[in-house]
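Take a look at the structure below.
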Amino acid sequence: MKVDRTIITVVGKDTVGIIAKVCTYLADNRINVLDISQTIVQEFFNMMMIVDLKDSLKPFDQCAKELEQVGEEIGVTIKCQREEIFQKMHRI
């Protein structure tokens, strides 16, 4: 079974509904959440997700752009990186 993993990061001032808005977009586009970690430090929200785009209705580039727009709507920064690029960038 092929997996098309992508790392999504969400950073910004904490407000109600950030997780709901991001997860609604993912569910509406058949993007499966494999792992999720979120923290709030003082009033700042930070979330990292590993998702599988294998069954996505849209290509990676379109999803990344649309998630960036979702972030703008709710006042956070959302970035997407393919897992292989993320791992190469963070190799010691």
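This chain uses plain numbering: 1 for the first residue, then up along the sequence. Hydrogens, waters and symmetry mates play no part in the numbers below; they use all other heavy atoms, side chains included.
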Can you confirm whether Q38 sits close enough to N46 that some side-chain heavy atom of one is under 4.5 Å from a side-chain heavy atom of the other? no
Taking the side chain from D52 and the backbone from D4, do they hold a donor-acceptor pair closer than 3.5 Å? yes
Taken to the nearest 0.5 Å, the spacing of E72 CD from T77 OG1 works out to 8.5 Å
Can you check whether C63 reaches S56 side chain to side chain, under 4.5 Å on heavy atoms? yes
Are T9 and M47 side-chain neighbours, meaning at least one heavy-atom pair lies under 4.5 Å? no
Just wondering, do L67 and L26 contact through their side chains at under 4.5 Å, heavy atoms? yes
In the single-linkage hydrophobic clustering (I, L, V, M, F, W, Y; side-chain heavy atoms under 4.5 Å), do I7 and V33 co-cluster? no
Rounded to the nearest 0.5 Å, how far does CG of L34 lie from CD1 of I50? 7.0 Å
Measure the CD1-CG distance between I31 and D55 for me, rounded to the nearest 0.5 Å. 10.0 Å
Report yes if some heavy atom in the side chain of V11 is under 4.5 Å from a heavy atom in the side chain of V76; otherwise report no. no
Value rounded to 0.5 Å, distance of CD in E66 from CD in Q62: 4.5 Å
Should Y25 and I8 be regarded as members of a common hydrophobic cluster, given that ILVMFWY residues are connected when their side-chain heavy atoms come within less than 4.5 Å of each other, either directly or indirectly? yes
Counting C-beta onward and ignoring hydrogens, is there a side-chain heavy-atom pair between T6 and Q81 closer than 4.5 Å? no
Do D35 and M49 have side-chain heavy atoms sitting under 4.5 Å apart? no
Are V16 and V10 joined in one hydrophobic group, where the rule is that I, L, V, M, F, W and Y side chains link up if heavy atoms are under 4.5 Å apart? no
Report whether M48 and V70 are members of the same hydrophobic cluster (ILVMFWY, side-chain heavy atoms less than 4.5 Å apart, transitive linking). no
Does K58 have more than 12 heavy atoms from other residues, nucleotides or ligands lying within 6.0 Å of its NZ? yes
Report yes or no: is the cationic atom of K13 (NZ for Lys, CZ for Arg) under 6.0 Å from the centre of the six-membered ring of F44, at an angle within 45° of the ring normal? yes
Mind checking whether I18 and I74 have side chains closer than 4.5 Å, heavy atoms only? yes
How far does CD1 of I78 sit from CD of Q69, to the nearest 0.5 angstrom? 10.5 Å
So CG of N29 and CG of L57: to nearest 0.5 Å the spacing works out to 5.5 Å
